[in-house]
There are 2 protein chains.
Amino acid sequence: MVEQDWGFVGERVRAARESAGMTVRELARRIGVSPSHVSQVERGIGAFSVPALYAVARELDVSMHALLDPPGQETAATLVSRPANDLVAAGIVQRAGDHPSIVLGSGPRWSRLTAGGEENAEFLEVVYAPRTPRPAEEIRHGGREYGIVISGELTVEVEGATEILGPGDSIVFDSTRPHRFWNDADSEVRAIWFVRDTLPGESVPHA
Amino acid sequence: MVEQDWGFVGERVRAARESAGMTVRELARRIGVSPSHVSQVERGIGAFSVPALYAVARELDVSMHALLDPPGQETAATLVSRPANDLVAAGIVQRAGDHPSIVLGSGPRWSRLTAGGEENAEFLEVVYAPRTPRPAEEIRHGGREYGIVISGELTVEVEGATEILGPGDSIVFDSTRPHRFWNDADSEVRAIWFVRDTLPGESVPHA
DNA sequence: CTGCAATGTACCGTGCTACTGAACAGTATG
DNA sequence: CATACTGTTCAGTAGCACGGTACATTGCAG
């Protein structure tokens, strides 16, 4: 069996607990273990059992994935320079560093993932910095959008209903419904978004 | 701490193992435990440690989530700190663990990210296990596809041209071009894929 | 039929670790 | 000073994750 260091689990538990404004004893009481055990786990000199971890995830409202997923393999940042070739030249493949991005002040950063202009569609990577404020206005436009959160936690509001999306959570809805997104958490949010424009035959004015 | 029956974990391990055509001894050897222990876990009279479960997930090419996520029947009582999930009930938001996934033996695992059946589109998360072989056949079908690699390295071949996509790299092309994907690297590949069907007015035969 | 090699399983241990309980130090009240 | 929090330390224990071995079955070769 591959040996592995599980200390990062404790670090994440501590981060989640503190961000929830919860004390060691309070968390311990809620998950049914002793405060000392929680302290030991958070300091990396102990570990939670699977049931205990589940209770932690439930009480702190984080996913098992967020607690257990091994760190490492940095995402878009790892740019190994590779030679351009046919597919890149043809505009089919686009390298991570080459995405034209649009930074909107302190707001989210949108990166277009398609080389040329696509007809009827936008394929985007979106990054929200920590604690972006809730937009004052809802938006609505034609088409339909599909999103999945890669990392962080994105707060979404669609027709007044609010939900927090964690890594792996996805969302699909008609863009004509009033919606807005923001980042209430202390960590950056990365998500992949696909926005399909109104199909021919339908007609909804763009916002 | 809330007591819970973890027998379903064993059932899923057994299902995954058998679907991979692997014997108890073989799995035990790969994850570094004894065959009897595997047997006991699968029969619900034992349990894997977190590291052992991780090894199982790796060898059987399933996610921890797929093994650990509690089965259906909610749990209205245990939803303490989660916000109202109208959006989940409405089929707009889908939780990470709820994506119906299709495991194809040692091949890639596709997870549909949309709750219901979408018209004219598929929104997918795809996971390739390390070193999946290059498919013998190219495929071509109608529509247009958009993909971005989240982690790992995916080898793509479009009309004979080959390219390796790393994290953040994206690809867009007409699905009518012959193409195939595989994983030549030693690490798992995760990618988000959007496949838009042929628009009305175009007509390309499906493969 | 008799081996023989697979399969999964039952039983009996044991060493490790998840976890406890009590004490401890630090800080902020009053 | 006392009191009430905070997180931490440490010795100890109970339980379970796990190993080793033996066993019942099935299928195949001869």
Side-chain angles (χ1 to χ4, degrees), chain A residues 1-60 62 64 66-70 186, chain B residues 1-60 62-70 81 105-106:
Chain A
M1 175 141 43
V2 181
E3 294 300 326
Q4 192 172 348
D5 177 32
W6 296 89
F8 63 88
V9 175
E11 299 173 14
R12 294 179 193 175
V13 169
R14 167 154 294 182
R17 176 180 62 80
E18 290 179 341
S19 122
M22 200 178 295
T23 147
V24 167
R25 284 168 214 270
E26 173 67 9
L27 176 61
R29 188 188 60 78
R30 293 204 191 189
I31 68 179
V33 303
S34 67
S36 50
H37 188 42
V38 172
S39 173
Q40 286 160 359
V41 171
E42 290 189 352
R43 297 174 44 91
I45 59 177
F48 280 135
S49 64
V50 171
L53 249 191
Y54 240 100
V56 169
R58 173 168 41 84
E59 292 303 327
L60 295 180
V62 298
M64 287 291 273
L67 293 176
L68 280 176
D69 213 43
D186 286 325
Chain B
M1 174 143 46
V2 180
E3 293 301 325
Q4 190 173 350
D5 176 31
W6 294 88
F8 64 87
V9 175
E11 298 173 15
R12 294 180 192 174
V13 169
R14 166 156 294 181
R17 176 181 60 80
E18 290 178 341
S19 118
M22 198 178 295
T23 109
V24 167
R25 285 168 213 270
E26 173 69 8
L27 176 60
R29 188 187 61 78
R30 294 202 191 190
I31 67 178
V33 303
S34 68
S36 51
H37 188 42
V38 171
S39 173
Q40 287 161 359
V41 171
E42 289 188 353
R43 299 174 42 108
I45 58 177
F48 280 135
S49 63
V50 171
L53 251 190
Y54 242 101
V56 169
R58 173 167 40 83
E59 292 301 327
L60 295 181
V62 297
S63 67
M64 286 291 275
H65 223 101
L67 292 176
L68 281 177
D69 214 46
S81 57
S106 63

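Below, chains carry the letters A, B, ... as their sequence lines are ordered, and counting in each starts from 1.
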field: Stepwise side-chain contact (heavy atoms from CB on, under 4.5 Å) test for B:L67 and B:F48
entry: CA-CA 11 Å; B:L67 292 176; B:F48 280 135; over 6 Å; no

Is there a side-chain contact between [X] and [Y], using heavy atoms and a 4.5 Å cut-off?
X: A:E11; Y: A:R14; answer: no
X: A:R12; Y: A:F8; answer: yes
X: A:V41; Y: A:V56; answer: no

task: May I have the step-by-step check of side-chain contact (heavy atoms from CB on, under 4.5 Å) for B:V9 and A:V50, ending in yes or no?
output: CA-CA 11 Å; B:V9 175; A:V50 171; over 6 Å; no

Ignoring hydrogens and angles, write down the donor-acceptor pairs under 3.5 Å from the side chains of residues 32-39 of chain A, residues two or more places apart or on other chains.
{"from": "A:S34", "atom 1": "OG", "to": "A:S36", "atom 2": "OG", "distance (Å)": "3.1"}
{"from": "A:S34", "atom 1": "OG", "to": "A:H37", "atom 2": "N", "distance (Å)": "3.3"}

task: Before giving the answer on salt bridge (Lys or Arg N to Asp or Glu O under 4.0 Å), spell out for B:E26 and B:R29 the whole-Å C-alpha distance, their side-chain angles and the decisive distance to 0.1 Å.
output: CA-CA 5 Å; B:E26 173 69 8; B:R29 188 187 61 78; 3.0 Å; yes

Rounded to the nearest Å, what distance is computed from the [atom1] atom of residue [X] to the [atom2] atom of nucleotide [N]?
X: A:Y54; N: C:dA18; atom1: OH; atom2: P; result: 19 Å
X: A:E26; N: D:dC5; atom1: CD; atom2: P; result: 12 Å
X: A:F48; N: D:dA17; atom1: CZ; atom2: P; result: 16 Å
X: B:M22; N: C:dA6; atom1: CE; atom2: P; result: 17 Å
X: B:R17; N: C:dG8; atom1: CZ; atom2: P; result: 5 Å
X: A:R29; N: C:dT20; atom1: CZ; atom2: C1'; result: 18 Å
X: B:L53; N: D:dC18; atom1: CG; atom2: C1'; result: 14 Å
X: A:H37; N: D:dA14; atom1: NE2; atom2: P; result: 17 Å

Kindly give the atom pairs (protein nitrogen or oxygen, nucleotide nitrogen or oxygen) under 3.5 Å for nucleotides 10-13 of chain C.
{"from": "C:dA10", "atom 1": "OP1", "to": "B:R43", "atom 2": "NH2", "distance (Å)": "3.3"}
{"from": "C:dA10", "atom 1": "OP2", "to": "B:R43", "atom 2": "NE", "distance (Å)": "3.3"}
{"from": "C:dA10", "atom 1": "OP2", "to": "B:R43", "atom 2": "NH2", "distance (Å)": "3.3"}
{"from": "C:dC11", "atom 1": "N4", "to": "B:Q40", "atom 2": "NE2", "distance (Å)": "2.9"}

message: Checking contacts here: which listed nucleotide (D:dG7, C:dG8, D:dA17) is nearest the side-chain heavy atoms of B:A47?
response: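 So the nucleotide nearest the side chain must be D:dA17.
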
message: Measuring to OP1 and OP2 of C:dG8, would you say a side-chain N or O of B:T23 lies under 4.0 angstrom away?
response: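 Looking at the OP1 and OP2 atoms of C:dG8, one of them is under 4.0 Å from a side-chain N or O of B:T23.
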
- prompt: When all nucleic acid strands are considered with a 4.0 Å heavy-atom cut-off, which category describes A:S34: base, sugar-phosphate, or nothing?
  reply: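 Here A:S34 touches the bases of the nucleic acid.
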
